[in-house]
Amino acid sequence: MGLRSPNSMLWLVLLVWAALLCGRCHGRFVVEKNSLKVTSPSDIKGTYECAIGNFGVPQYGGTMVGVVAYPKANRKACKSFDDFDISYKAKPGSLPTFLLVDRGDCFFTKKAWNAQNAGAAAILVADDKTEPLITMDTPEESGNTDYLENITIPSALITKSFGDKLKKAIDNGDMVNVNLDWRESLPHPDERVEYEFWTNSNDECGPKCDSQIDFVKSFKGAAQVLEKKGYTQFTPHYITWYCPDSFILSKQCNVSTMGDIVHLTRNRISAKDFAIRCPMKEKKYTKECADGVIKSLGLDHKAIDKCIGDPDADKENPVLKAEQDAQIGKGSRGDVTILPTLVINNRQYRGKLDKGAVLKAICAGFRETTEPAVCLSEDIQTNECLENNGGCWQDKAANISACKDTFRGRVCECPVVKGVKFVGDGYTHCEASGSGRCEINNGGCWKDSRHGRTYSACTNDGCKCPDGFKGDGVHKCEDIDECKERTACQCKECKCKNTWGSYECGCSGGLLYMKEHDTCISKNAATEVGWNFLWVIFFGLVVAGIAGYAVYKYRIQRYMDSEIRAIMAQYMPLDNQGDVPNHSHHIEL
């Protein structure tokens, strides 16, 4: 591996312990897979499993269609194809090339790099022996591996038997068309993605350590936006190891060394800051440096120490114990054994640890149509609705479309516009429904205006031609000739004139038409009746006026009489009061 420091040696020892531990606890490594569907030739048509390589950029949530090529020379792809004057770059209008190569003689990544440089869109590595599929991983530090971060094509390992079928078909001159499918490689159950990042603070493990540090720096902004808006739930983890009982007293397992590992837990709070300020390469990987990072971030140092406990105590640490338990695979997720490991919706991510690639994988974890806007940007995916409206229904006049862009492609789903729900299959038909439907493009129903009149076939129950029209109510409503069909003006003297959407009735011989009774009457009779009616009203008003005046005069007379009697009663005795006695003294002379 080319270990370069005591810390690297410690890391190697810990990996050995992990392997021993996994043997004791029946550890489980899960190979993450995608599917490969052969569409031609017919004799090998079908869907096959393949293992996703842990490098390059798998198209999580998507598919790739291509034609398989098997080189006549350099079949293990350990050398540059330029040396053989071979190119697999697709010609304009043709399908991209998926290069099939044999396993062996060099790193998987070297094969992928040479295939990519030759113009291949993906690489399929055929196993050289009959065995279960494995995960193709990146090399550690052997040789020149600067190209690792530049591999962008997806890779897949296929079984020996399937590889032999492909080779035989190609040797027979058949065109082998395949579809690489990653749509179900990650679960996508709901509108929130849960993901974990398993790493450590070691920065002396070569390209892997460098890539994970760069990834943390570049992905920080996107992660914070997704987290703050509730689209994701992120959990950071540090990989730690048990000490097997047989090594518990060794130098590598003594409490002071394990105390250093405990200090890693402090720095989960800011792995980015710790990686920058306390690198192993500069011999700053110390407790004092970790404490300085915590202090600079304004965090409660005592609370953190209380949570971690005493790193020098010779007893099990609850924080480390929880992390170690979390490393054990549950459900569909295997044990965390690769450093670093990204887990998305309880499924381990495979591929290049790159901001764009990881963001695509996270976007693939959302239920379709619930993705955040960042997943629908041009940098992440192609809007399929821009070309031929994605094959979905649309109303160009009202600028309404059933095509909804998603990270995985598009869905044809009748929309909701201004509170009005459209119903239909989304592909050939969508129709507004419910109240208010006529406000949106007249509900998709017929509508026309003539001679100052407007008629519409839109109702809350659907499209129905209005009275005076007939038709389907959607594309046309034709005027009904009520006069011809004798549905109006049916009296003998009546004369009917058809109009658009209605009719007019008249009478012959100077008669007057009464629409309420659909009959004709004499104009003179009508005039006489009219004057008689007016005279009755006039005399009625006169009588009412006289009667009202009489009542008014009577009431006024009574009121005046009562007032006069009251005044007279105050100043003049009434006859019925009798004589009033005189009490004055008479003086006789």
Side-chain angles (χ1 to χ4, degrees), residues 31-41 43-60 62-81 84 86-90 94-138 147 151-185 350-352 357:
V31 177
E32 304 299 342
K33 302 173 183 177
N34 65 304
S35 65
L36 189 155
K37 183 177 182 180
V38 178
T39 56
S40 68
D43 56 335
I44 61 172
K45 184 182 294 186
T47 302
Y48 303 82
E49 280 190 339
C50 48
I52 305 173
N54 199 29
F55 49 85
V57 182
Q59 301 299 311
Y60 280 108
T63 62
M64 286 181 66
V65 177
V67 59
V68 180
Y70 184 52
K72 294 182 178 181
N74 193 28
R75 288 185 166 180
K76 292 186 177 180
C78 291
K79 297 179 181 180
S80 172
F81 284 95
F84 302 88
I86 298 176
S87 174
Y88 294 102
K89 186 176 182 180
S94 61
L95 292 174
T97 301
F98 295 169
L99 187 61
L100 174 65
V101 302
D102 295 328
R103 180 180 177 181
D105 292 354
C106 60
F107 292 127
F108 293 119
T109 52
K110 188 65 175 178
K111 299 175 188 290
W113 178 242
N114 288 331
Q116 178 176 305
N117 287 336
I123 182 172
L124 306 176
V125 180
D127 206 344
D128 56 357
K129 56 185 176 180
T130 302
E131 63 178 354
L133 291 171
I134 65 170
T135 296
M136 299 184 294
D137 201 4
T138 57
Y147 61 84
I151 299 176
T152 57
I153 64 172
S155 61
L157 179 73
I158 62 176
T159 63
K160 183 179 184 302
S161 60
F162 179 41
D164 291 341
K165 290 181 181 180
L166 294 177
K167 295 172 189 177
K168 182 179 179 181
I170 294 171
D171 289 341
N172 291 337
D174 293 327
M175 178 178 286
V176 180
N177 293 328
V178 299
N179 186 343
L180 277 170
D181 191 341
W182 295 268
R183 287 177 296 180
E184 299 303 323
S185 295
R350 296 287 183 254
K352 181 180 179 182

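As the structure is a computational prediction, the values presented were derived from the model and not from experiment. Quick note: numbers below take in every heavy atom, side chains included, and nothing from hydrogens, waters or symmetry partners.
- The minimum heavy-atom distance between Val176 and Pro41, with the atom names listed, is CG2-CD, 4.0 Å.
- Heavy atoms only, all atoms of each residue included: Ala112 and Ile153 are closest at O-CD1, 3.7 Å.
- For the residue pair Lys37 and Thr47, the shortest heavy atom distance occurs at CG-OG1, 3.8 Å.
- Distance check: Tyr147 OH to Gln116 CD gives 11.5 Å after rounding to the nearest 0.5 Å.
- When atom types are taken as modelled, the side chain of Gln59 and the backbone of Pro154 share no donor-acceptor pair closer than 3.5 angstrom.
- Under a 3.5 Å cut-off, the side chain of Asp181 and the backbone N or O of Arg183 do form a donor-acceptor pair.
- A 4.5 Å side-chain heavy-atom check between Ile134 and Arg103 finds at least one atom pair inside the cut-off.
- Using a 4.5 Å heavy-atom cutoff, the side chains of Phe98 and Leu36 are not in contact.
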Item to complete: Would you sort out whether Glu49 and Ser35 count as a side chain to side chain contact (heavy atoms under 4.5 Å, CB included), showing the intermediate values?
Response: CA-CA 5 Å; Glu49 280 190 339; Ser35 65; 6.0 Å; no

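- Between the NZ atom in Lys352 and the CG atom in Asn54 there is a gap of 13.0 Å [rounded to 0.5 Å].
- Rounding to the nearest 0.5 Å gives a distance of 11.5 Å between CG of Asn34 and CD of Glu184.
- We find the CD1-OG1 distance between Ile151 and Thr138 to be 9.0 Å, quoted to the nearest 0.5 Å.
- The two residues Leu180 and Ala122 come nearest to each other via the heavy atoms CD1-CB, 3.9 Å.
- The aromatic rings of Phe81 and Tyr88 stand perpendicular to each other, their planes meeting at an angle above 60°, with 30° marking the opposite boundary.
- A donor-acceptor pair under 3.5 Å is absent between the side-chain atoms of Lys129 and the main chain of Lys160, judged by distance alone.
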Worksheet item: Would Asn177 and Leu95 count as a side chain to side chain contact (heavy atoms under 4.5 Å, CB included) if you check the C-alpha gap in whole Å, the side-chain angles of each, and the deciding distance to 0.1 Å?
Response: CA-CA 9 Å; Asn177 293 328; Leu95 292 174; 3.8 Å; yes

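- With rounding to the nearest 0.5 angstrom, the CG atom of Leu124 is 7.5 Å from the CZ atom of Phe162.
- In summary, Lys168 and Asp164 do not engage in a salt bridge, as defined by a charged side-chain N under 4.0 Å from a carboxylate O.
- Rounding to the nearest 0.5 angstrom, the gap separating the CZ atom in Phe84 from the NZ atom in Lys79 is 5.0 Å.
- With respect to Ile158, the side-chain contact (heavy atoms from CB on, under 4.5 Å) criterion is satisfied by exactly one of Leu100, Asp127, Val125: Leu100.
- Ile44 has its side chain within reach of Leu166: a pair of non-hydrogen atoms, C-beta onward, lies under 4.5 Å apart.
- Paired with Arg350 under the rule side-chain contact (heavy atoms from CB on, under 4.5 Å), one option of Thr135, Val31, Asp137 passes, and it is Thr135.
- In this structure, Gly56 and Pro58 approach most closely via the heavy-atom pair O-CD, 3.5 Å.
- Side chain of Lys165 to backbone of Asp43: no donor-acceptor contact under 3.5 angstrom is found.
- For Asp105 and Lys110, the salt-bridge test fails: no basic side-chain N is under 4.0 Å from an acidic carboxylate O.
- Defined by atom type and a distance below 3.5 Å, a donor-acceptor pair is present between the side-chain atoms of Tyr70 and Asp102.
- Leu99 has its side chain within reach of Pro71: a pair of non-hydrogen atoms, C-beta onward, lies under 4.5 Å apart.
- Considering every non-hydrogen atom in both Lys33 and Leu133, the closest pair reads CE-CD1, 4.3 Å.
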